[in-house]
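One structure is given here, and the rest of the page talks about it.
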Amino acid sequence: MLTWIRDKSTGLFMTIVMGILILAFALWGVGDYFSQSNSDSLAKVNGKTITYSEYSNQFATYRQNMLSQFGDQLQPDFFDSPMMRRNFLESMINSELHRQAALANGYTVTGDQIRAILSDVEIFQDADGRFDRELYAGYLAQTNQTAQSLQARIINEEAGQAVNLLFNDTAFMTPKEAKTIAVLRNQTRDFDYFLISGNQFAEDVTVSDEEISEYYNDNSDRFMTEEMVKVDYIELDAEQVAEQIDVTDQDALSYYEENKQRFEKPAQRKAAHILINDDAQAQDTLKEIQGKLAQGEPFAELAKEYSQDPGSAEQGGDLGLVSPGDMVEAFDEALFNMEEGQISEPVKTQFGYHIIYLENIKAARIPNFEEVKDDIVRELQAKQAQTLFLDKANELSGLVLDAQSGLSQAAESTNLPVKTTEFFTRSGGEGIAANPEFVKMAYSAMVKEDLLNSDVVNLSDTHIAFIHMNEIKPAELKPLDTVKETIQDTLIKEKSAQKAKELADEIKTKAKQDAVNLNALTEEFDVTLVAARDVKRSGSNHPVNVVNEVFNLTSPDKTDDTIHVVPANNDDVAVVQLLAVKSPEDSTITQVEQEAAQLERNIKTNETQLLLQALRQSADISINEDLLNQQNQF
């Protein structure tokens, strides 16, 4: 809805609407609303204020840059979510912390640096690329700022970036460090292990009712239900409004006659193709196919045999009806310059070589009125619904706000039904309760604690709702009978894992006492030995946890303690004997520079995050949540 309002926010109609809204606000008495908005202070960072104006201007710039870069790839509501706006404010707070840290530690920006920065700004340069004082003065006048204020902004921005630049300059690795890490990354290890699963003991484990009851009492917080709410709501949807608008056949026919060309269906061509990948054999394959086509072999059979397009080969190369612009440019140009029944010469695109067969041509045509009547009716309804939806939304908003608590009066006045959801948690429910904005409003203090009617909930640009609390179901302890089976399974799993650990410890002790390798204990303990050789840090078929633990063990060349009990995946354990640590020869190590560059980036990121974490922990940061949330609604 908000997008539509922005698009329509000019003209006589909108002037009248805004006049009505202003009068309504005056009658409703919204002094509290405006008193809350008098302060422009959105956040304070160690006493430095971030105003809402600064936040809004920077966010607008960020939004414009993103749209310029990604355009249609971004969804229309990408920038409208409260999370997006909150994250942007947090980034401004982080920048302010970086700025303060830089200035506190003696960072300065000289006059020469400021002049160099201004000289590089394109809008301050003349046709020869030189700094032009008149252009600079004109910009200051146009933006209503002084040279001192602009220079102060430059100093602040440079100081804010100084920390990142510092880490860029200091996050480095020496060649020796890079080679050492490369050796460690490419190191392999030989080891033997027994994998002992807790599941093998599950049938022998018993759990008493007393144990279940004790676990239930000691872990009652694990067995609480989630708090749930059920709410009443009124919704207004532009599609519902449109369905109530009557469009006569004559109106639809008149629109058809005035806009007939809009409904023209472009020419289409039913085509098939054989795709051959662009490789060393491509030309020979193409000649072979063309030879068989010249001898009269069916195109579809050759497509099944030769085409390397997985989407159409099995269908004899059939592409169905193709409209102009459906295919890449070279293919499209060739197809729409062919005669019906013609087979093209090979056409090269980025996908390879295409031999195209034009089966038939479907000429462009204008459908008759009956074919497009339903579409026209929906279009005319939608156009009229835009104005009607806004009127109804304003009316409904006023009625709900007047009532303060309860939706029945607003429903009667607008002939909209009051609906009731099923119970749902903070993670959402079914139907309209699956909408995150709806759930957020249902659990807001206004609705849940004060029991007032909600503000408008924007489910989409053309779909709104208002909420009133119906019933709250508090979190409560689930009855023991309903969780008894879960507790029993948990205790069996814990006891089984403990038995697996005890067996592993017994094997380890026996191996050390008898000074034998694990291989000598397979029969005594009825376990299977797994021999792991030349295992790398990642990418092996052995349990990930076992491999990680093995690479943390001391080399057997430096200790006699080579047998260990380590956790495996899930609740399994492993008895491991490390046999050898193998480092690669220097000549076999490749991509040292690439690995070093990646590690330098990791160092920079980690150090930046650690500094920021320290700065935030020691900082005095406050956020005007009311102002932030208030602005997020518009």
Side-chain angles (χ1 to χ4, degrees), residues 181-207 211-212 215-216 218-219 221-223 427 483-512 516-556 558-584 595 598-599 602 606:
I181 291 176
V183 168
L184 290 174
R185 282 181 177 273
N186 291 276
Q187 185 186 87
T188 62
R189 300 198 168 196
D190 293 348
F191 58 95
D192 291 336
Y193 67 96
F194 298 142
L195 188 63
I196 303 174
S197 173
N199 291 335
Q200 69 188 73
F201 302 100
E203 293 183 0
D204 300 326
V205 171
T206 58
V207 177
E211 289 176 310
I212 292 174
Y215 188 92
Y216 175 74
D218 292 344
N219 300 274
D221 57 320
R222 299 185 183 184
F223 306 113
S427 58
V483 297
K484 182 176 181 179
E485 187 174 337
T486 300
I487 294 175
Q488 183 175 5
D489 291 342
T490 300
L491 290 174
I492 289 174
K493 196 173 184 181
E494 288 181 357
K495 288 187 173 186
S496 298
Q498 181 58 35
K499 284 185 174 292
K501 177 67 164 53
E502 291 170 358
L503 176 58
D505 288 337
E506 183 182 352
I507 294 173
K508 173 184 174 182
T509 301
K510 179 68 173 177
K512 288 188 174 183
V516 295
N517 292 331
L518 294 185
N519 190 44
L521 302 175
T522 55
E523 293 185 8
E524 180 177 350
F525 290 95
D526 191 23
V527 286
T528 301
L529 184 76
V530 180
R533 301 293 182 266
D534 297 322
V535 177
K536 296 182 178 180
R537 291 179 181 269
S538 61
S540 74
N541 294 324
H542 303 286
V544 173
N545 289 344
V546 172
V547 174
N548 290 340
E549 292 291 339
V550 165
F551 272 88
N552 287 327
L553 299 179
T554 303
S555 171
K558 300 179 181 179
T559 179
D560 294 331
D561 188 15
T562 61
I563 298 178
H564 304 268
V565 174
V566 302
N569 296 354
N570 302 317
D571 293 320
D572 300 343
V573 294
V575 185
V576 173
Q577 183 170 20
L578 180 58
L579 303 175
V581 174
K582 302 176 182 178
S583 295
E595 289 194 14
Q598 180 60 52
L599 287 167
N602 293 344
N606 292 338

From [X] [atom1] over to [Y] [atom2], what is the distance, rounded to the nearest 0.5 angstrom?
{"X": "Leu491", "Y": "Ile487", "atom1": "CG", "atom2": "CD1", "value": "7.5 Å"}
{"X": "Asn517", "Y": "Asn519", "atom1": "CG", "atom2": "CG", "value": "7.0 Å"}
{"X": "Ile212", "Y": "Glu485", "atom1": "CD1", "atom2": "CD", "value": "10.0 Å"}
{"X": "Glu494", "Y": "Thr490", "atom1": "CD", "atom2": "OG1", "value": "6.5 Å"}
{"X": "Thr486", "Y": "Tyr215", "atom1": "OG1", "atom2": "OH", "value": "10.0 Å"}
{"X": "Leu518", "Y": "Phe194", "atom1": "CG", "atom2": "CZ", "value": "4.5 Å"}

| query | When you measure from the side chain of Arg537 to the backbone N and O of Leu184, does any donor-acceptor pair fall under 3.5 Å? | reply |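 Judged by distance alone, yes, a pair lies under 3.5 Å.
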| query | Is the backbone N or O of Thr522 less than 3.5 Å from a side-chain atom of Asp526, with the two atoms forming a donor-acceptor pair by type? | reply |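 No; zero donor-acceptor contacts below 3.5 Å.
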Any side-chain heavy-atom pair of [X] and [Y] under 4.5 Å:
{"X": "Thr509", "Y": "Glu506", "answer": "no"}
{"X": "Lys501", "Y": "Val565", "answer": "yes"}
{"X": "Asp192", "Y": "Leu579", "answer": "yes"}
{"X": "Thr188", "Y": "Val581", "answer": "no"}
{"X": "Asp572", "Y": "Ile196", "answer": "no"}
{"X": "Tyr216", "Y": "Lys484", "answer": "no"}
{"X": "Lys510", "Y": "Glu524", "answer": "yes"}
{"X": "Val576", "Y": "Glu549", "answer": "no"}

Do you know the tightest heavy-atom contact between [X] and [Y]?
{"X": "Leu578", "Y": "Ser555", "result": "CD2-CA, 4.3 Å"}
{"X": "Ile563", "Y": "Val516", "result": "CD1-O, 4.0 Å"}
{"X": "Asn545", "Y": "Ala568", "result": "ND2-O, 3.1 Å"}
{"X": "Ser496", "Y": "Gly198", "result": "CB-O, 3.1 Å"}
{"X": "Gln187", "Y": "Ser583", "result": "NE2-OG, 3.8 Å"}
{"X": "Val544", "Y": "Asn569", "result": "N-OD1, 3.5 Å"}

| field | Residue pair Leu553, Phe191: steps toward the side chain to side chain contact (heavy atoms under 4.5 Å, CB included) verdict | value | CA-CA 11 Å; Leu553 299 179; Phe191 58 95; over 6 Å; no
| query | Around atom CG of Asn541, are there more than 12 heavy atoms of other residues, nucleotides or ligands at under 6.0 Å? | reply |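 Not more than 12 within 6.0 Å, no.
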| task | Evaluate whether atom CG of Asp221 has more than 12 neighbouring non-hydrogen atoms of other residues, nucleotides or ligands under 6.0 angstrom away. | result |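 Atom CG in Asp221 is crowded, with more than 12 foreign heavy atoms closer than 6.0 Å.
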Salt bridge [X]-[Y], side-chain N to carboxylate O under 4.0 Å:
{"X": "Glu502", "Y": "Lys495", "result": "no"}
{"X": "Asp560", "Y": "Lys512", "result": "no"}
{"X": "Arg189", "Y": "Asp534", "result": "no"}

| query | Looking at His564, His542, Gln577, which hits side chain to side chain donor-acceptor pair (under 3.5 Å) with Tyr193? | reply |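 That would be His542.
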| query | Between Val535 and Val547, is a side chain to side chain contact (heavy atoms under 4.5 Å, CB included) present by the stated rule, with each step listed? | reply | CA-CA 8 Å; Val535 177; Val547 174; 4.2 Å; yes
